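Worksheet: one structure, shown below.
Residue numbers count from 1 along this sequence. The figures here come from the full heavy-atom set of this structure, side chains too, leaving out hydrogens, waters and symmetry mates. In listed order, ligands and their atoms are each counted from 1. As the structure is a prediction and not an experimental result, all values here were calculated from the model.
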Amino acid sequence: MAKIEGLRIKNFKVLKDVTLGCLWNQPSSQPLTPITAVIGKNGVGKSALFDAFGFLADALKLGVEEACDARGRGGFERMRTQGETGPIEFEVCYRQQRNARSITYQIAIGEDRLGRPYVVSEIMKENLRNDQSLFFLFLVLGVGAVWKGKQAGKQIDETSEGFDIVKLDMSIKEGEKLQDAEWIKLEDQRKLGIATLGALKQYPRISAFRRFIEGWYLSYFTPDAARSLPLAGPQSRLNIHGDNLGNVVQFMEREHPRRFQAMLKKIAKKIPGIHKIDTERTNDGRLLLRFNDKGFQEPFYAQQVSDGTLKVFAYLLLLEDPKPPPFLCIEEPENGLYHKLLETLANEFREHASGRRGNSQVFVTTHQPYFVDALEPQEVWILEKGEEGFSTIRRASDDPIVSNMVEEGLPLGSLWYSDYLDAR
Ligand SMILES: Nc1ncnc2c1ncn2[C@@H]1O[C@H](COP(=O)(O)OP(=O)(O)O)[C@@H](O)[C@H]1O
Ligand SMILES: [Mg+2]
């Protein structure tokens with residue numbers, strides 16, 4: 001199962017330059033764990049971090065111009081870190097399979113004189129040892145080279161003096177022969193190269209990465225969406241807002257009844273009164289989601305059930321997906337949840353993330369200590385806002401005092417609550 005090992009974000013909102021996990025040139029850093037939680041006070045950039053994933057996924061699907069305007073982002077200028085003039089940059093280091101080489105994808109997005117966003121550069125490379133990289137895609141201003149197959153590429157020492165992707169581009173344009181490479185020119189500089197090339201079988205490394213991003217599940221779940229009345233018909237995956245919750249229940253009841261029952265048992269243990277959940281079809285073909293309480297004869301419908309119940313139910317259902325998404329990103333799952341449920345939820349996410357069957361990698365932002373109580377220091381990252389107004393990030397396990405205290409049995413969330421996780 002593919003896994004993100006590291007991520008660097010530059011000039012994106014309050015995240016002027018932050019790195020999580022390990023990148024190609026940081027072999028001594030630890031990669032991201034199967035579950036990652038980012039914590040921090042209000043305004044430190046948790047939503048920005050969540051949206052960095054959202055923006056990348058949208059840019060792949062819609063192109064950068066539309067993605068800058070989507071989901072209330074307000075356009076390139078509002079997204080770029082205030083006071084900066086350089087491009088917005090993302091670098092993702094990921095591994096397609098456990099024993100494969102890690103791969104880096106880098107993209108820089110700028111704005112032209114008329115205020116239109118476009119892709120400045122895009123590269124993909126395999127990370128070799130000793131700072132060497134095997135480039136198999138580079139595109140500068142929509143022009144560049146790509147290598148077919150699973151192995152070809154151009155080996156480059158990026159630590160060599162004066163290395164710069166634009167210079168590489170120039171030297172190649174000036175006539176250097178590239179073995180096995182194909183020259184390409186994109187028609188539209190607002191579209192990602194990996195969107196076009198990733199659709200072609202000749203480029204399996206690019207296709208795999210494109211599929212990986214397309215498979216990300218970024219939850220924009222709202223209890224009110226889950227209360228809508230969708231048309232009946234089983235659907236295997238919860239959509240990002242959760243308005244097909246009833247359809248997924250229909251699917252699970254029909255296709256995976258035993259798994260569904262086991263999940264209901266789990267929920268019944270955690271939420272008093274919930275004993276059975278099923279669906280009812282209305283005369284006009286819509287779906288009602290019913291929650292049956294032992295103490296009452298008549299069921300309650302989703303419209304009457306609490307936000308917290310709907311949320312826990314939706315998240316647990318998501319984890320039961322027979323084909324789980326490779327990457328699951330949830331912003332502040334705590335809203336509306338009873339604190340004891342949070343620890344349960346954190347444990348469920350964690351178990352799911354580290355499952356032997358190779359389940360989803362989970363990425364969560366939170367400001368709830370109870371959620372963090374269930375986690376280990378290397379799983380938790382602390383975002384803070386510096387005096388100059390930009391955020392920095394560090395791993396809780398980098399602080400030996402914190403690591404020691406957790407080893408002695410103090411839960412991490414309580415350390416946060418008592419300000420031990422604050423910068424010293
Ligand atoms: N383009 C930008 N440049 C710099 N800072 C920004 C930009 N856009 C928003 N911010 C700052 O980011 C902060 C909000 O970050 P956000 O991700 O919503 O925080 P959180 O989710 O942790 O509460 C605000 O303090 C806001 O001033
Ligand atoms: Mg937020």
Item checked: Six-ring centre of Trp24, Lys125 cation under 6.0 angstrom, axis tolerance 45° -> yes
Put together the list of close N/O pairs, under 3.5 Å, between ligand 1 and the protein, could you?
unit_1   : atom_1 : unit_2 : atom_2 : d
ligand 1 : 1 (N)  : Arg78  : O      : 3.0
ligand 1 : 1 (N)  : Arg80  : O      : 2.9
ligand 1 : 3 (N)  : Gln82  : N      : 2.9
ligand 1 : 17 (O) : Ser47  : N      : 3.2
ligand 1 : 17 (O) : Ala48  : N      : 2.9
ligand 1 : 19 (O) : Gly45  : N      : 3.1
ligand 1 : 21 (O) : Ser47  : N      : 2.8
ligand 1 : 21 (O) : Ser47  : OG     : 2.8
ligand 1 : 22 (O) : Val44  : N      : 3.3
ligand 1 : 22 (O) : Gly45  : N      : 3.0
ligand 1 : 22 (O) : Lys46  : N      : 2.8
ligand 1 : 22 (O) : Lys46  : NZ     : 2.9
ligand 1 : 23 (O) : Gly43  : N      : 2.6
ligand 1 : 25 (O) : Lys385 : NZ     : 2.6

Item checked: Side chain Glu122, main chain Ile194, donor-acceptor under 3.5 Å -> yes
Notebook entry, point to check: Can the ring centres of Tyr217 and Phe327 be said to be less than 6.0 Å apart?
Noted result: no
Next item on the list: Among Val120, Val143, Leu141, Val64, find the one that has a side-chain contact (heavy atoms from CB on, under 4.5 Å) with Gln189.
Entry: Leu141
Next item on the list: Report the distance from atom CD of Gln304 to atom CZ of Arg290, rounding to the nearest 0.5 Å.
Entry: 12.5 Å
Next item on the list: Could you grab the protein N, O or S atoms closer than 2.8 Å to the Mg ion (ligand 2) for me?
Entry: Ser47 OG
Identify each donor-acceptor pair in which a side-chain atom of residues 132-139 lies under 3.5 Å from a protein atom, sequence neighbours left out, and give them as a table.
unit_1 : atom_1 : unit_2 : atom_2 : d
Gln132 : OE1    : Gln155 : NE2    : 3.0
Ser133 : OG     : Glu158 : OE2    : 2.7

Check: Would Tyr94 and Tyr105 satisfy ring pair (Phe, Tyr, Trp, His ring centres under 6.0 Å), going step by step from the backbone distance to the final call?
Finding: CA-CA 8 Å; Tyr94 101 113; Tyr105 172 71; 9.4 Å; no
Notebook entry, point to check: Any donor and acceptor pair, going by atom type alone, linking the side chain of Arg71 with main-chain N or O of Asp51 inside 3.5 Å?
Noted result: no
Item checked: Residue list, side chain to side chain contact (heavy atoms under 4.5 Å, CB included) with Leu317, at least two apart or on another chain -> Leu245, Val248, Val249, Met252, Phe260, Met263, Phe313
